[in-house]
S.K.: 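Just dropping this structure here.
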Amino acid sequence: MKKIALIVVALVMTLSANAQFEQGKGYLGASLSGLDISSQAKKFHLGINAKAGYFFMDNLMGLADVGYDYTKDGAKYLGLGAYGRYYITQNGIYLGAGLKFRHTNDFNDLLPGVHAGYAFFVSRTVTIEPELYFDLSTKGSDYMNYGLRIGVGVYLFKDQYTLKNR
């Protein structure tokens, strides 16, 4: 009986994720990085990001990202990024790539990067998204970033954010 229940739960989760990555849907998300699994692991590091995205075609989303990073030595980074995310399968596994502009009081930097993650649906539209990331710096290897990011995402249906004629 337990096996049947597990199969039903897995099937429902797969089917509920099936329609989430369709063209025309929107996305809002926020994430936290600096969980001591990064190039900055020897010193305290905290990063906060906000994201907005749109599915231009099935399984392909464009993302805009704004973020703030802080390190124990007092360095503060502001970042703006543009990314693409491709959902490999309808179960939520994705790969992405993009470019981030990072600004500090001392310098500006461009960081091309890649990420891979999983959108775990906790409801029909809300996800928890663990993600591995790697950002290469044009300033040199001392400025590159890699690590684990944990996020929360909301997948918006067309009906949720368009005005209806009454």
Side-chain angles (χ1 to χ4, degrees), residues 17 20-89 91-122 125-158 160-162:
Q20 303 304 325
F21 314 124
E22 292 176 343
Q23 180 179 358
K25 292 187 179 180
Y27 171 84
L28 294 174
S31 62
L32 180 67
S33 61
L35 306 172
D36 291 333
I37 303 173
S38 71
S39 61
Q40 318 267 335
K42 295 178 184 172
K43 55 187 172 184
F44 176 78
H45 168 251
L46 178 66
I48 298 171
N49 294 71
K51 303 174 188 176
Y54 181 79
F55 283 91
F56 293 102
M57 55 190 298
D58 288 356
N59 299 325
L60 185 61
M61 178 172 48
L63 280 165
D65 176 275
V66 62
Y68 174 80
D69 291 311
Y70 174 81
T71 62
K72 186 177 182 178
D73 61 3
K76 298 172 187 167
Y77 304 102
L78 294 174
L80 293 173
Y83 299 91
R85 186 187 278 185
Y86 178 73
Y87 290 83
I88 298 172
T89 61
N91 65 3
I93 296 172
Y94 61 84
L95 297 174
L99 185 65
K100 182 180 356 179
F101 173 76
R102 181 166 54 179
H103 170 75
T104 70
N105 289 336
D106 299 330
F107 64 90
N108 292 325
D109 195 3
L110 285 175
L111 296 108
V114 294
H115 59 268
Y118 178 68
F120 176 75
F121 282 85
V122 293
T125 58
V126 177
T127 58
I128 296 174
E129 299 177 347
E131 178 179 272
L132 295 174
Y133 65 93
F134 179 77
D135 294 329
L136 199 60
S137 173
T138 57
K139 293 294 242 186
S141 62
D142 291 341
Y143 299 98
M144 72 177 187
N145 292 320
Y146 58 89
L148 175 67
R149 185 178 295 136
I150 303 292
V152 174
V154 178
Y155 291 79
L156 304 170
F157 295 99
K158 292 179 192 179
Q160 288 176 303
Y161 59 93
T162 58

S.K.: Apply side chain to side chain contact (heavy atoms under 4.5 Å, CB included) to the pair Phe134 and His115, showing each step before the final yes or no.
M.R.: CA-CA 6 Å; Phe134 179 77; His115 59 268; over 6 Å; no
S.K.: Looking only at non-hydrogen atoms, find the nearest pair between Ala119 and Tyr155 and report the distance.
M.R.: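 Looking at all heavy atoms of both residues, the closest pair is CB-OH, 3.8 Å.
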S.K.: If only side-chain N and O atoms count, and only distance matters, is there a donor-acceptor pair under 3.5 Å linking Tyr118 with Glu131?
M.R.: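 The answer is no; no qualifying pair exists.
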S.K.: So which atom in Leu63 and which in Gly53 form the shortest heavy-atom distance, rounded to 0.1 Å?
M.R.: CD2-CA, 3.8 Å
S.K.: Let's go through Asn145 and Ser33 carefully: what are the C-alpha distance in whole Å and the side-chain angles of both, what is the deciding distance for side chain to side chain contact (heavy atoms under 4.5 Å, CB included) to 0.1 Å, and is it a yes or a no?
M.R.: CA-CA 11 Å; Asn145 292 320; Ser33 61; over 6 Å; no
S.K.: Taking side chain as C-beta onward, heavy atoms only, is Phe121 less than 4.5 Å from Val126?
M.R.: no
S.K.: Using 0.5 Å steps for rounding, measure from the OG atom of Ser137 to the CE atom of Met144.
M.R.: 9.5 Å
S.K.: Is there a side-chain contact between Val66 and Leu78, using heavy atoms and a 4.5 Å cut-off?
M.R.: no
S.K.: For Asp65, enumerate each residue passing the salt bridge (charged side-chain N to carboxylate O under 4.0 Å, His left out) test, keeping only those at least two apart in sequence or located in another chain.
M.R.: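 Scan of Asp65 (salt bridge (charged side-chain N to carboxylate O under 4.0 Å, His left out), adjacent residues dropped) gives none.
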S.K.: With a 4.5 Å limit on heavy-atom distance, are the side chains of Tyr27 and Met61 in contact?
M.R.: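 The answer is yes, as the side chains (C-beta and beyond) meet within the 4.5 Å cut-off.
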S.K.: Using modelled atom types only, decide if a donor and an acceptor are shared between the side chain of Asp58 and the backbone of Glu22 within a distance under 3.5 Å.
M.R.: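 Not at all, since once roles are kept as given, no pair shorter than 3.5 Å links the two residues.
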S.K.: For Tyr70 and Tyr68, I'd like to know if the aromatic rings sit close, meaning centre-to-centre distance below 6.0 Å.
M.R.: no
S.K.: OH of Tyr77 to CG of Asn105: how many Å apart, nearest 0.5 Å?
M.R.: 11.0 Å
S.K.: In Å, rounded to the nearest 0.5 Å, how long is the span from NZ of Lys25 to OG1 of Thr125?
M.R.: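 Between atom NZ of Lys25 and atom OG1 of Thr125 there are 10.0 Å.
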S.K.: Assess Arg85 against Phe21: is NZ or CZ under 6.0 Å from the centre of the six-membered ring, and within 45 degrees of the ring's axis?
M.R.: no
S.K.: What's the shortest heavy-atom distance between Asn49 and Gly67, and which atoms?
M.R.: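 It is ND2-CA, 3.8 Å.
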S.K.: Taking the side chain as C-beta and beyond, is there a heavy-atom pair between Leu111 and Leu136 under 4.5 Å?
M.R.: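 When only atoms from C-beta onward are counted, Leu136 and Leu111 do not touch, as no gap falls below 4.5 Å.
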S.K.: Is a side-chain donor or acceptor of Thr127 paired with a backbone partner of Glu129 at a separation under 3.5 angstrom?
M.R.: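 Between the backbone of Glu129 and the side chain of Thr127 there is no qualifying donor-acceptor contact (under 3.5 Å).
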S.K.: As a quick check of understanding, evaluate side chain to side chain contact (heavy atoms under 4.5 Å, CB included) for Leu32 and Leu46, giving each step before the final call.
M.R.: CA-CA 7 Å; Leu32 180 67; Leu46 178 66; 3.1 Å; yes
S.K.: Taking the six-membered ring for Trp, is the centroid-to-centroid distance between Phe55 and Tyr87 below 6.0 Å?
M.R.: yes
S.K.: Quick one: do Asp135 and Lys100 make a salt bridge, cutoff under 4.0 Å?
M.R.: yes
S.K.: Looking only at heavy atoms, which two atoms of Ala52 and Leu28 are closest? And how far apart?
M.R.: CB-CD2, 4.1 Å
S.K.: In terms of side-chain geometry, is the basic nitrogen of Arg102 or Asp109 positioned less than 4.0 Å from the acidic oxygen of its partner?
M.R.: yes
S.K.: Checking side chain to side chain contact (heavy atoms under 4.5 Å, CB included) for the pair Asn59/Tyr86: CA distance, chi angles, key distance, verdict?
M.R.: CA-CA 6 Å; Asn59 299 325; Tyr86 178 73; 4.0 Å; yes
S.K.: Around Asn108, counting heavy atoms of other residues, nucleotides and ligands shown, do more than 12 lie under 6.0 Å from its CG?
M.R.: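 Check passes, neighbour count above 12.
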